[in-house]
Trainee: 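Before I ask anything, here is the structure I am working with.
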Amino acid sequence: MNRKKLQKLTDSLTKNCKHFSKFEVKCLINLFYNLVGEVTERQGVIIGLDRNAFRNILHVTFGMTDDMIMDRVFRGFDKDNDGCISVIEWVYGLSVFLRGTLEEKMKYCFEVFDLNGDSFISKEEMFHMLKNSLLKQPSEEDPDEGIKDLVEITLKKMDHDHDGKLSFADYEQAVREETLLLEAFGPCLPDPKSQKEFEAQVFKDPNEFNEV
């Protein structure tokens, strides 16, 4: 990407991404192109991170191991559903993923857990998510029963209008009362340690060594 184009992209992303400084946006753009590799921009070719490349980043950098969650996080970043994360989706996605406000993170987590996109988290969706994210105890006769119980308990705690499923309003109210419920159905945000390490690695100022 030529310098002029890069400058334009950095400016527009900095303006719209309130959680990153211009320097940080530039670092994220550079990282993106390093990850994608030196792909020449040909007409009609989508340049971006495909599902496997992105899952690899989630796994290696942020310690995520759950296939289903990683897949959902990918979809959360890939706003236009073209199977590829563009540089703009990358910066916007990381803005919420790393530094989002509680409101932004609630919306993001809810979308991750709402598997069929109908704006509700159903019992079945809770069951699927929890089944994947909980470690199976070999001693248990029927681990599914334990998960069903957990779904019932969670639903009781979070389903404020008692309609047997979670709307965003239910979810939001529950999370505001108890922030730990943000990732009730599986870890889809980076833990503080890996977030810190990622930022320290990516947002290195090349000038800081020259100013001794």
Side-chain angles (χ1 to χ4, degrees), residues 10-25 27-29 32 49 54 57-58 61-64 66 68-81 85-123 125-126 128-130 132-133 151 153-200 202-203:
T10 308
D11 289 345
S12 105
L13 283 172
T14 307
K15 204 163 80 200
N16 295 312
C17 260
K18 52 185 180 298
H19 300 308
F20 292 133
S21 68
K22 190 167 182 173
F23 166 72
E24 289 168 337
V25 167
C27 292
L28 289 172
I29 293 173
F32 176 84
L49 296 166
F54 186 69
I57 296 164
L58 290 178
T61 310
F62 298 108
M64 291 191 179
D66 183 336
M68 194 174 189
I69 294 261
M70 290 195 283
D71 199 53
R72 298 298 302 163
V73 173
F74 176 81
R75 286 171 188 226
F77 272 66
D78 180 21
K79 290 293 183 203
D80 60 4
N81 294 322
I85 291 172
S86 68
V87 66
I88 293 171
E89 288 170 336
W90 165 252
V91 176
Y92 279 152
L94 284 173
S95 168
V96 173
F97 191 68
L98 295 171
R99 299 188 180 171
T101 61
L102 182 60
E103 277 72 17
E104 288 171 328
K105 283 182 173 166
M106 282 193 289
K107 193 166 173 294
Y108 158 80
C109 290
F110 187 84
E111 282 172 7
V112 167
F113 302 140
D114 175 15
L115 300 178
N116 65 358
D118 68 351
S119 303
F120 288 97
I121 301 174
S122 66
K123 277 186 180 179
E125 287 169 331
M126 287 181 209
H128 279 303
M129 301 301 277
L130 288 168
N132 271 335
S133 64
V151 167
I153 293 164
T154 311
L155 200 56
K156 212 171 250 171
K157 189 168 175 56
M158 296 178 84
D159 179 18
H160 293 288
D161 57 9
H162 307 296
D163 61 354
K165 55 188 177 179
L166 290 190
S167 63
F168 182 68
D170 287 333
Y171 174 79
E172 183 180 20
Q173 190 176 336
V175 172
R176 285 193 188 283
E177 287 165 11
E178 177 52 84
T179 332
L180 287 173
L181 288 170
L182 187 63
E183 295 182 276
F185 310 112
C188 56
L189 286 163
D191 63 82
K193 184 171 173 282
S194 54
Q195 177 189 342
K196 233 189 189 122
E197 285 169 3
F198 175 80
E199 292 198 12
V202 178
F203 302 146

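Here the structure is a predicted model, which is why all the values come from computation and not from measurement.
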Trainee: Would you check, one step at a time, whether the test side-chain contact (heavy atoms from CB on, under 4.5 Å) holds for Leu49 with Glu89?
Mentor: CA-CA 10 Å; Leu49 296 166; Glu89 288 170 336; over 6 Å; no

Trainee: Using the ring-ring contact (aromatic ring centres under 6.0 Å, His included) criterion, which residues pair with Phe113? Sequence neighbours excluded.
Mentor: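 With sequence neighbours excluded, Phe113 shows a ring-ring contact (aromatic ring centres under 6.0 Å, His included) to Phe185, given in chain and number order.
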
Trainee: Can you name the nearest heavy-atom pair linking Ser194 to Thr61, along with the distance?
Mentor: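 Of all heavy-atom pairs spanning Ser194 and Thr61, the closest is CB-O, 3.5 Å.
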
Trainee: Set out, in order, the CA-CA distance, both residues' side-chain angles and the distance that settles side-chain contact (heavy atoms from CB on, under 4.5 Å) for Met106 and Leu182, then state yes or no.
Mentor: CA-CA 6 Å; Met106 282 193 289; Leu182 187 63; 3.7 Å; yes

Trainee: Output all residues satisfying side-chain contact (heavy atoms from CB on, under 4.5 Å) with Lys157, sequence neighbours left out; order by chain, then residue number.
Mentor: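 Leu181.
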
Trainee: Rounded to the nearest 0.5 Å, how far apart are CG of Leu155 and CG of Asp170?
Mentor: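 With rounding to 0.5 Å, CG (Leu155) is 8.5 Å from CG (Asp170).
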
Trainee: Just how far is it from atom CD of Glu172 to atom CD of Glu177, taken to the nearest 0.5 Å?
Mentor: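 Here the interatomic distance stands at 11.0 Å.
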
Trainee: Quick one: list whatever passes side-chain contact (heavy atoms from CB on, under 4.5 Å) with Ser21, sequence neighbours left out.
Mentor: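 Only Phe23, Glu24 meet the side-chain contact (heavy atoms from CB on, under 4.5 Å) criterion with Ser21.
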
Trainee: Going by heavy atoms in the side chains, are Tyr92 and Asn16 under 4.5 Å from each other?
Mentor: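 Yes, close enough: below the 4.5 Å cut-off.
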
Trainee: Is any side-chain heavy atom of Leu115 less than 4.5 Å from a side-chain heavy atom of Met129?
Mentor: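 Sidechains of Met129 and Leu115: in contact.
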
Trainee: Within the structure provided, determine whether Lys79 and Ile88 are in side-chain contact (heavy-atom separation under 4.5 Å).
Mentor: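 No, too far: nothing below the 4.5 Å cut-off.
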
Trainee: Can you find a pair of side-chain heavy atoms, one from Phe20 and one from Cys27, that are under 4.5 Å apart?
Mentor: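 Of all side-chain heavy-atom pairs linking Cys27 with Phe20, none is under 4.5 Å.
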
Trainee: Any salt bridge linking Glu111 with Lys107? Criterion: basic side-chain nitrogen under 4.0 Å from a carboxylate oxygen.
Mentor: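 So Glu111 pairs with Lys107 through a salt bridge.
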
Trainee: Under a 3.5 Å distance rule, please check whether Glu104 uses its side chain to pair with a backbone N or O of Thr101 as donor and acceptor.
Mentor: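 Indeed, once roles are kept as given, a pair shorter than 3.5 Å links the two residues.
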
Trainee: Can you tell me how far the NZ atom of Lys123 sits from the CG atom of Leu166, to the nearest 0.5 Å?
Mentor: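 Output value for this atom pair is 11.0 Å.
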
Trainee: Under a 3.5 Å distance rule, please check whether Arg99 uses its side chain to pair with a backbone N or O of Leu94 as donor and acceptor.
Mentor: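 Pair absent, no side-chain N/O of Arg99 close to backbone of Leu94.
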
Trainee: Just so I know, are the side chains of Met64 and Pro187 near enough to count as touching, which here means a heavy-atom distance under 4.5 Å?
Mentor: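 Counting from C-beta outward, Met64 and Pro187 never come under 4.5 Å.
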
Trainee: Quick one: pull up CG in Leu98 and CG in Leu28 and give me the separation to the nearest 0.5 Å.
Mentor: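 Answer rounded to 0.5 Å: 7.5 Å.
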
Trainee: If you round to the nearest 0.5 Å, how far is CE of Met158 from OG of Ser167?
Mentor: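 Here the rounded value is 10.0 Å.
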
Trainee: Tell me, do Val175 and Leu102 make a side-chain contact under 4.5 Å, heavy atoms counted?
Mentor: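 Yes, close enough: below the 4.5 Å cut-off.
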
Trainee: So Asp114 and Phe168, do their side chains get closer than 4.5 Å, heavy atoms only?
Mentor: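 The answer is no, as the side chains (C-beta and beyond) never meet within the 4.5 Å cut-off.
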
Trainee: Check Asp11 with Lys15, please: is the shortest side-chain N to carboxylate O separation under 4.0 Å?
Mentor: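 No salt bridge links Lys15 with Asp11.
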
Trainee: For Ser95 versus His19, what's the shortest heavy-atom pair and its separation?
Mentor: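 Minimum heavy-atom separation between Ser95 and His19: OG-CD2, 3.1 Å.
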
Trainee: What distance do Cys188 atom SG and Lys105 atom NZ have between them, rounded to the nearest 0.5 Å?
Mentor: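 One finds 10.5 Å between SG of Cys188 and NZ of Lys105.
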
Trainee: Show the nearest heavy-atom pair for residues Leu189 and Cys109, with the distance to one decimal.
Mentor: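 It is CD1-SG, 3.7 Å.
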
Trainee: Under the criterion ring-ring contact (aromatic ring centres under 6.0 Å, His included), which of Phe32, Trp90, Phe97 is the partner of Phe77?
Mentor: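 Exactly one option meets the ring-ring contact (aromatic ring centres under 6.0 Å, His included) with Phe77, and it is Phe97.
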
Trainee: Kindly determine whether Asp163 and Phe120 satisfy side-chain contact (heavy atoms from CB on, under 4.5 Å), including the steps that lead there.
Mentor: CA-CA 11 Å; Asp163 61 354; Phe120 288 97; 4.3 Å; yes

Trainee: Restricting to non-hydrogen atoms, name the atom on Asp161 and the atom on Lys165 that form the minimum distance, rounded to 0.1 Å.
Mentor: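 Reported closest heavy-atom pair: OD1-O, 4.4 Å.
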
